[in-house]
Number of protein chains: 2
Amino acid sequence: MQVLSKASINGLRALLYLAAQERREGYTGIREMADELDISFHFLTKILQELTQKGVLRSYRGPNGGVALARDPGTLYLEELVLMMEGDDFFDTCLLGLPGCGERKPCPVHAFWKETKAALKKEFQTTSLEELGQQIRVGKVRLAD
Amino acid sequence: MQVLSKASINGLRALLYLAAQERREGYTGIREMADELDISFHFLTKILQELTQKGVLRSYRGPNGGVALARDPGTLYLEELVLMMEGDDFFDTCLLGLPGCGERKPCPVHAFWKETKAALKKEFQTTSLEELGQQIRVGKVRLAD
DNA sequence: TTTATTAAAGACAAATGACTCTTAAAACGT
DNA sequence: ACGTTTTAAGAGTCATTTGTCTTTAATAAA
Ligand code: SF4
Ligand code: SF4
């Protein structure tokens, strides 16, 4: 069951890596993140470029350059990030791939799929990078391996 | 959010089409199903071949041939079918793609992803083709469009 | 026995997703 | 100015999924 694309997963992991940093000023090199998270440098670069273009990250070139969160991680909730990376219809899909979900006569699994989507959406709406970054800082969870 | 592959979706829809049939004896042509469900005949054929090999369907060639459910739809629960089509680890994946889910130190979203997976699994375990076929027969839900 | 009908099998092609590489541009230190 | 470090941009490659096509085999009916 793969819910997020590899690109989204790696983008999210990088954002969490940044949110978990102790120090807030300065930039974190993409090379360092790629090594630490075990992602290809070039692949991660491409993913982060898009996040920079979308205003979630700011970047800086040259020595000691890298990327940094462009906004307070307390205001960055998973929902916004996932919609940004996966598309705005992320929470509006049919389990059986039928078009017009929710509006028209439902598919046979509508009843519980609707619940599942709603629960997931709510969680994404109420979970911020700040919150998850904190959990990483105290060492309760992992981002790699 | 695409949880099931196209192949699984179309396989499931075909199984539901069969489970919704009034008459239980005889075979249903793949051509008919492909037309009705708006799936390419050849693509559907390939999908159903695998379901036949796995013992969920039986098939018959020649005039008035086709496929039919090989088992009582009351004993066919979604979980078994999905595991069959998507692989046995379907309900054991990490939202962030980390290996060793559940056993090792969790990822930051473990807490609610675990719940989501469990809820989904339970629904799949308790929903049979018979039950969904009935809903289709009474016209409450749709399989195509 | 011949012909029509249907699924089985497998080769093949197209589309998508997942990366990789090369070159350029920006910033810095000397 | 020059060389080094680092991201930006985009072309290019590889793998997987999705979808198509052709040929064969089984069955029935004429
Ligand atoms: S389950 Fe119902 S609402 Fe959900 S996608 Fe399928 S049709 Fe749409
Ligand atoms: S959330 Fe926790 S348990 Fe679920 S997959 Fe990620 S690591 Fe494994």
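Quick note on labels: first sequence line is chain A, next is B, and so on, each numbered from 1.
Counting non-hydrogen atoms under 4.0 angstrom, Gly65(B) reaches the backbone sugars and phosphates but no base. Backbone-only contact: Gln53(B) has heavy atoms under 4.0 Å from sugar-phosphate atoms and none from a base.
The base of dT7(D) sits with one of its N or O atoms less than 3.5 Å from a complementary donor or acceptor on the side chain of Arg61(A). A donor-acceptor contact under 3.5 Å is not formed by the side chain of Lys46(A) with the base of dG10(D). At a cut-off of 3.5 angstrom, the base of dA7(C) holds no donor-acceptor pair with the side chain of Gln49(B). Checked by distance alone, His42(B) brings a side-chain donor or acceptor within 3.5 Å of a matching partner on the base of dC21(D).
Judged purely by atom type and a 3.5 angstrom limit, Arg58(A) has no side-chain atom pairing as donor or acceptor with the backbone of Ala68(A).
Rounded to whole Å, the distance from CZ on Phe43(B) to C1' on dA9(C) is 16 Å. One atom, NZ of Lys6(B), and another, P of dT16(C), lie 9 Å apart when rounded to the nearest Å. Across the protein-nucleic acid pair, Ile9(B) atom CD1 and dT17(D) atom P stand 14 Å apart, rounded to whole Å. Rounded to whole angstrom, the span from the CG atom of Leu4(B) across to the C1' atom of dT17(D) amounts to 15 Å. We find that CD of Glu86(B) is positioned 14 Å from C1' of dT18(D), with the value rounded to whole Å. In this entry the distance linking CG of Asn64(A) with P of dA26(C) reads 19 Å, nearest Å. In this structure, OH of Tyr60(B) is placed 13 Å from C1' of dA29(D), rounded to the nearest angstrom. We find that CD1 of Ile47(B) is positioned 15 Å from C1' of dA9(C), with the value rounded to whole Å.
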**Prompt:** For Tyr17(A) and Glu32(A), what are the C-alpha separation, side-chain angles and deciding distance, and is it a side-chain hydrogen bond (donor to acceptor under 3.5 Å, both in side chains)?
**Reply:** CA-CA 11 Å; Tyr17(A) 183 86; Glu32(A) 172 193 329; 2.7 Å; yes
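In terms of phosphate contacts, Ser40(A) brings no side-chain nitrogen or oxygen within less than 4.0 Å of OP1 or OP2 of dA18(C). Put simply, Ser59(A) has a side-chain N or O that comes within less than 4.0 Å of OP1 or OP2 on dA8(D).
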